[in-house]
Amino acid sequence: MKMKVIAILLMLTLMAFLPFAVAKCGTKTKIQNTMSTADNAKYESEVDDNSQLDEDKILCGLVAALYKSDYSDETVKAITILLNNNYSLEPNKFDLSDNSVFLYTENADNSTQEIYSKIENIISSSKELLIYSDNKNVYIPYSIISNGNTVYNENYSYISPVASPWDCFSKEYDKNSECVGVSIEGLDYLCKNGMNAEEALNWYLPNCEIK
């Protein structure tokens, strides 16, 4: 009888303690989630508020998002000219919260982080160059690769279609891809085969001038 009473008392004690234990665990989880949300909110607010980033940092992040470790310096310069030109004209077309569009140093892989200073140096020497058609600064669409030719688009009547057969040498090649304006992989091929950044861009933009 005595043992029964002790067992009942122990059970009642455990039952009384259980709600406090559950509440404590729930509070701990809530605090952890709040911290995570706060960190994410801080990061997202920095990205969304472009005023917190100077122009060089924005351009560096845009270039880094397209960067590949085997790109030549002239390729990076060509990409810099292209992105700087487009961002200065249409900043709203660039979603800076998307890592495929804009890459913070903190979010880059190790190989990209190592070349950030190199990207910054290239940017400092080419960020003043813009692209013009009939002396008017114009937006230039681009794709990672073409299917061997760029195509005409009535929205960009100042851009003529051109051949880009070297795109088929790239591992990114897709015979169904359609490119208006500039092929990034095509720029890289031309820059690795003797052209400088301006010459490579001029291949794709024969009606435009870089200055």
Side-chain angles (χ1 to χ4, degrees), residues 55-56 58-94 100-103 112 115-116 118-211:
E55 290 180 0
D56 284 2
I58 291 176
L59 185 53
C60 188
L62 293 173
V63 173
L66 282 181
Y67 177 83
K68 287 185 180 178
S69 59
D70 62 343
Y71 279 172
S72 70
D73 287 1
E74 288 299 311
T75 304
V76 178
K77 183 180 177 183
I79 291 171
T80 298
I81 295 169
L82 181 63
L83 293 181
N84 183 50
N85 179 82
N86 288 355
Y87 187 80
S88 67
L89 288 171
E90 300 281 353
N92 292 333
K93 287 189 176 182
F94 295 83
S100 68
V101 174
F102 178 82
L103 194 60
T112 307
I115 54 82
Y116 252 84
K118 178 179 171 181
I119 292 175
E120 289 167 350
N121 289 335
I122 292 172
I123 285 173
S124 66
S125 66
S126 56
K127 66 180 181 179
E128 301 303 323
L129 295 171
L130 296 174
I131 303 171
Y132 296 84
S133 175
D134 293 331
N135 291 316
K136 180 184 177 183
N137 188 201
V138 290
Y139 186 93
I140 305 297
Y142 63 90
S143 300
I144 295 300
I145 201 162
S146 80
N147 60 5
N149 293 276
T150 62
V151 298
Y152 175 77
N153 185 298
E154 62 181 8
N155 295 317
Y156 306 99
S157 57
Y158 46 86
I159 298 177
S160 298
V162 298
S164 187
W166 33 79
D167 280 351
C168 67
F169 300 141
S170 170
K171 59 185 177 183
E172 304 284 344
Y173 179 68
D174 177 0
K175 65 181 181 179
N176 297 313
S177 60
E178 186 175 279
C179 173
V180 177
V182 174
S183 162
I184 300 299
E185 288 290 304
L187 285 178
D188 185 50
Y189 180 91
L190 293 174
C191 288
K192 284 176 177 173
N193 286 274
M195 288 191 182
N196 61 32
E198 292 92 331
E199 290 169 338
L201 283 167
N202 278 329
W203 172 269
Y204 287 99
L205 306 168
N207 302 328
C208 297
E209 185 180 4
I210 300 162
K211 59 184 181 179

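For the numbers below, each heavy atom of this structure counts, side chains included, while hydrogens, waters and symmetry mates do not. For this chain, numbers begin at 1 and follow the sequence in order.
- The shortest distance between side-chain heavy atoms of Lys93 and Tyr139 falls below 4.5 Å.
- Note that CG of Asp73 and CD1 of Ile122 are 4.5 Å apart. Values are rounded to the nearest 0.5 Å.
- More than 12 heavy atoms of other residues, nucleotides or ligands lie within 6.0 Å of NZ in Lys211, so this atom counts as buried by the packing criterion.
- Nearest heavy atom pair, residue Tyr142 against residue Leu83, reads OH-CD2, 3.5 Å.
- Between Thr75 and Ser72 the shortest heavy-atom distance is OG1-OG, 2.8 Å.
- With rounding to the nearest 0.5 angstrom, the CD1 atom of Ile79 is 7.0 Å from the CG atom of Leu187.
- Side chain of Ser157 to backbone of Glu154: no donor-acceptor contact under 3.5 angstrom is found.
- Under the 4.5 Å side-chain criterion, counting only non-hydrogen atoms from C-beta, Asn147 is not in contact with Glu178.
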CA sep, side-chain torsions, deciding dist, call: Phe94, Asn86, side-chain contact (heavy atoms from CB on, under 4.5 Å): CA-CA 9 Å; Phe94 295 83; Asn86 288 355; 3.8 Å; yes
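- In this structure a side-chain-to-backbone donor-acceptor pair under 3.5 Å is missing from Ser143 to Ser146.
- In this structure, the separation between SG on Cys179 and CD on Glu185 is 11.0 Å, given to the nearest 0.5 Å.
- At least one donor-acceptor pair under 3.5 Å links the side chain of Asn85 to the backbone N or O of Ile131.
- In terms of heavy-atom proximity, Leu190 sits nearest to Tyr204 at CD1-CE1, 3.8 Å.
- For the pair Lys118 and Tyr67, the NZ or CZ position fails the cation-pi test of under 6.0 Å to the six-membered ring centre and within 45 degrees of the ring normal.
- Of the possible donor and acceptor atoms, one in the side chain of Glu74 sits under 3.5 Å from a partner among the backbone N and O of Ala197.
- Heavy atoms only, all atoms of each residue included: Asn137 and Ser88 are closest at OD1-OG, 4.2 Å.
- Crowding of Glu172 atom CD: a count of heavy atoms from other residues, nucleotides or ligands under 6.0 Å exceeding 12.
- Atom OG in Ser183 sits 8.0 Å away from atom CD1 in Ile144 (nearest 0.5 Å).
- Other residues, nucleotides and ligands contribute over 12 non-hydrogen atoms within 6.0 Å of the CG atom of Asn155.
- Of the possible polar contacts, one joining the Trp203 side chain to the Ala163 backbone as a donor-acceptor pair under 3.5 Å is found.
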Stepwise side-chain contact (heavy atoms from CB on, under 4.5 Å) test for Asn193 and Trp166: CA-CA 11 Å; Asn193 286 274; Trp166 33 79; over 6 Å; no
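- Here the rule is side chain to side chain contact (heavy atoms under 4.5 Å, CB included) with Leu129, and of Ile81, Thr80, Leu82 only Ile81 fits it.
- With 3.5 Å as the limit, one finds no donor-acceptor pair spanning the side chains of Tyr189 and Ser170.
- At a threshold of 4.5 Å between non-hydrogen side-chain atoms, the residues Leu103 and Tyr116 count as touching.
- When all heavy atoms of Thr150 and Gly181 are compared, the closest pair comes out as CG2-O, 3.5 Å.
- To the nearest 0.5 Å, atoms OG (Ser125) and NZ (Lys77) are separated by 6.0 Å.
- A donor-acceptor contact shorter than 3.5 Å is absent between the side chain of Asp167 and the backbone of Ile145.
- In this structure, the side chain of Asn196 engages the main chain of Glu198 through a donor-acceptor pair within 3.5 Å.
- Residues Leu130 and Asn84 are in side-chain contact: their nearest non-hydrogen atoms beyond the backbone lie under 4.5 Å apart.
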side-chain contact (heavy atoms from CB on, under 4.5 Å) assessment of Ile159 paired with Leu205: CA-CA 6 Å; Ile159 298 177; Leu205 306 168; 4.2 Å; yes
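- Looking at Tyr71 and Leu66, their side chains never come closer than 4.5 Å, going by heavy atoms from C-beta outward.
- With hydrogens and angles ignored, the 3.5 Å screen pairs a side-chain donor or acceptor of Lys192 with a backbone N or O of Asp70.
- Across all their heavy atoms, Asn202 and Cys208 have their closest contact at OD1-O, 3.6 Å.
- In this structure, Pro141 and Asn153 have side chains that are not in contact, with every pair of non-hydrogen atoms separated by 4.5 Å or more.
- One distance of note links OG of Ser124 with CD1 of Ile119; it measures 12.0 Å at 0.5 Å rounding.
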